[in-house]
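Single-structure report; data block below.
Numbers for residues simply follow the sequence, beginning at 1.
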Amino acid sequence: MSFADMKKKRGDKLQSLLKETAKINAPIKGQGDDDRFWRPELDKSGNGMAIVRFLPAPEGEDLPWARSWNHGFQGPGGWYIENSLTTLGQKDPVSEHNSTLWNSGIEANKEVARKQKRRLNYTSNVYIIKDPAHPENEGQIKLYRFGKKIFDKINDLMNPEFEDESPVNPFDLWAGANFKMKIRKVEGYSNYDKSEFEAPSALLEDEARLEEIWKSESSLKELVSEDKFKSFDELKTKLDRVLGLGSEFSPTPKSVDVPFDGGKPYTAPPKPAVESTNDGDESMDYFQKLAQEA
């Protein structure tokens with residue numbers, strides 16, 4: 001599809017995106033040092049800000065986001081930090097193990113299952129408008145990974161609650177809206193509640209530059225392709241080792257739940273594991289950092 005065709009057909013995009021969010025709302029290997037990825041940097045107090053524009057689906061792809069699930073927890077045999085095969089609609093050994101624990105009806109087992117739960121992430125291409133901590137990033141196109149909290153704000157913009165509000169497709173280059181991130185430290189965690197979308201506007205007036213931006217986007221489908229996931233047997237072997245199943249180790253793991261919306265989590269003093277109030281907003285990178293420091 002050409003840039004001209006994309007512009008012409010963009011009016012249909014909001015409805016198709018609304019259908020996808022309806023699917024999501026109904027009852028990956030980690031990126032590590034991949035320089036395609038960006039995150040807002042926090043100051044020493046755990047606060048930060050940035051302004052970005054979510055970009056439309058890359059050329060040849062249908063959705064402007066990739067949705068994935070992962071697990072991050074520690075057991076007596078080490079850390080389990082892996083993408084969940086449920087992202088691909090396949091059976092995953094952690095999910096099966098958690099189902100067994102939950103269906104036992106024993107509250108202690110249910111608590112273990114909660115702490116081993118899968119965590120939801122989204123990834124989109126963004127155009128960085130303002131990055132006070134790193135001005136050199138401004139004007140660049142990067143991949144940005146975020147959690148349910150920010151996705152809810154996107155969904156709210158596309159599905160306004162009140163009749164006097166018009167739906168806006170934030171991924172539209174011409175009629176979308178810039179996203180102003182306001183990150184605060186709340187109870188030791190990065191909180192994005194104050195973040196908001198600005199009034200709808202064109203990203204830029206220069207059509208040639210808009211086309212260049214669109215064609216510079218990274219593939220999102222590639223992020224959740226099958227080669228980014230280990231096989232069921234590989235994951236099961238690792239899970240058994242981490243939980244010490246079939247050995248003298250107790251199968252009860254330790255888990256750390258950290259709210260996450262794409263920014264670098266604020267490093268708080270160690271706390272007992274608690275259930276996250278922002279379901280799914282956790283960072284794979286955070287667990288990898290903990291594993292490296294262990």
Side-chain angles (χ1 to χ4, degrees), residues 1 3 6-25 37-40 49-59 61-68 120-131 137-183 192-207 209-211 213-221 223 260-263 278 280-281:
M1 180 172 62
F3 182 72
M6 188 273 288
K7 181 179 181 180
K8 184 185 302 182
K9 295 178 180 179
R10 76 185 201 279
D12 300 328
K13 272 297 178 184
L14 180 58
Q15 290 306 314
S16 64
L17 294 182
L18 290 177
K19 289 180 182 179
E20 290 297 325
T21 57
K23 295 177 186 177
I24 290 171
N25 294 328
F37 282 79
W38 168 87
R39 67 178 67 186
M49 71 86 60
I51 301 175
V52 301
R53 181 65 164 256
F54 289 98
L55 298 176
E59 187 172 7
E61 300 187 15
D62 297 324
L63 289 175
W65 64 72
R67 182 171 178 249
S68 62
L120 176 60
N121 294 284
Y122 299 87
T123 303
S124 291
N125 284 280
V126 295
Y127 178 85
I128 302 172
I129 297 172
K130 187 174 181 61
D131 184 353
N137 288 329
E138 295 172 6
Q140 293 191 33
I141 299 91
K142 293 286 188 178
L143 289 169
Y144 174 54
R145 192 176 65 213
F146 53 97
K148 184 177 181 295
K149 179 75 70 173
I150 286 181
F151 189 84
D152 284 346
K153 291 181 179 292
I154 291 172
N155 189 37
D156 289 345
L157 192 67
M158 296 191 296
N159 291 282
E161 183 177 357
F162 301 101
E163 292 183 0
D164 62 343
E165 297 176 340
S166 299
V168 174
N169 175 8
F171 301 95
D172 191 291
L173 291 173
W174 296 270
N178 299 338
F179 186 63
K180 184 181 292 185
M181 295 182 187
K182 297 178 181 179
I183 310 160
Y192 287 72
D193 287 347
K194 296 291 186 181
S195 300
E196 59 186 353
F197 282 97
E198 298 178 344
S201 65
L203 173 58
L204 298 170
E205 297 298 331
D206 185 342
E207 290 275 312
R209 175 57 178 151
L210 289 178
E211 181 174 7
I213 290 171
W214 179 58
K215 290 188 173 180
S216 298
E217 293 183 38
S218 296
S219 170
L220 299 175
K221 284 185 176 180
L223 300 177
F260 177 68
D261 269 311
N278 293 325
D281 297 0

inquiry  = Distance alone, cut at 3.5 Å: any donor-acceptor contact between the side chains of E205 and W174?
reply    = no
_Is it the case that the side chain of W214 and the backbone of A57 share a donor-acceptor pair, with hydrogens and angles ignored and the cut-off at 3.5 Å?_
yes
key: Aromatic contact, W65 with F54 (centres under 6.0 Å)   = no
Notebook entry, point to check: Taking the side chain as C-beta and beyond, is there a heavy-atom pair between P56 and P64 under 4.5 Å?
Noted result: no
Closest heavy-atom pair, V52 versus M181, reported as atoms and distance to 0.1 Å, is CG2-CE, 3.9 Å
| Would K180 and S195 count as a side-chain contact (heavy atoms from CB on, under 4.5 Å) if you check the C-alpha gap in whole Å, the side-chain angles of each, and the deciding distance to 0.1 Å? | CA-CA 6 Å; K180 184 181 292 185; S195 300; over 6 Å; no
Practice task
Quick one: do I141 and I128 satisfy side-chain contact (heavy atoms from CB on, under 4.5 Å)? Show the steps, please.
Solution key: CA-CA 6 Å; I141 299 91; I128 302 172; over 6 Å; no
Worksheet item: Any side-chain heavy atom of P40 sitting closer than 4.5 Å to one from Y192?
Response: yes
Measuring only between side-chain heavy atoms, which start at C-beta, is K194 closer than 4.5 Å to I183?
no
Taking D131's backbone N and O only, do any of them form a donor-acceptor pair with E138's side chain (distance below 3.5 Å, no angle check)? yes
- Query: Checking side-chain contact (heavy atoms from CB on, under 4.5 Å) for the pair L223/L143: CA distance, chi angles, key distance, verdict?
  - Reply: CA-CA 10 Å; L223 300 177; L143 289 169; 4.3 Å; yes
**Study point:** Validation row: L120, R67 side chains within 4.5 angstrom (heavy atoms)
**Key:** yes
Shortest non-hydrogen pair, P160 vs S166, comes out as CG-C, 3.9 Å
ask   = Do Y144 and Y127 make the cut of ring centroids closer than 6.0 angstrom?
value = no
Any heavy-atom pair between the side chains of I213 and N125 that's under 4.5 Å?
no
### Stepwise side-chain contact (heavy atoms from CB on, under 4.5 Å) test for F146 and T123
CA-CA 6 Å; F146 53 97; T123 303; 5.9 Å; no
In short, D193 meets K153 closest at the heavy-atom pair O-NZ, 3.2 Å
Sequence neighbours excluded, the answer for salt bridge (charged side-chain N to carboxylate O under 4.0 Å, His left out) partners of E196 is K182
Separation between OG (S201) and CG (D172), nearest 0.5 Å, reads 10.5 Å
(Q) Could you check whether any side-chain N or O of K148 sits under 3.5 Å from a backbone N or O of N121, counting only pairs where one atom can act as donor and the other as acceptor? (A) no
In this structure, CD of E165 is separated from CG of L157 (nearest 0.5 Å) by 9.0 Å
One should read off an interatomic distance between N155 CG and I150 CD1, to the nearest 0.5 angstrom, of 13.5 Å
message: A side-chain contact here means heavy atoms from C-beta on lying under 4.5 Å apart; do S68 and Y122 qualify?
response: no
ask   = Heavy atoms, side chains only, cut-off 4.5 Å: are R53 and F179 in contact?
value = no
In short, P58 meets S218 closest at the heavy-atom pair CG-O, 3.3 Å
OG of S216 to CD of E59, rounded to nearest 0.5 Å, is 10.5 Å
Is it true that a side-chain atom of E217 and a backbone atom of L55 form a donor plus acceptor pair closer than 3.5 Å?
no
query = Do L210 and F3 have side-chain heavy atoms sitting under 4.5 Å apart?
reply = yes
Value for NZ (K142) from CH2 (W38), rounded to nearest 0.5 Å, stands at 11.0 Å
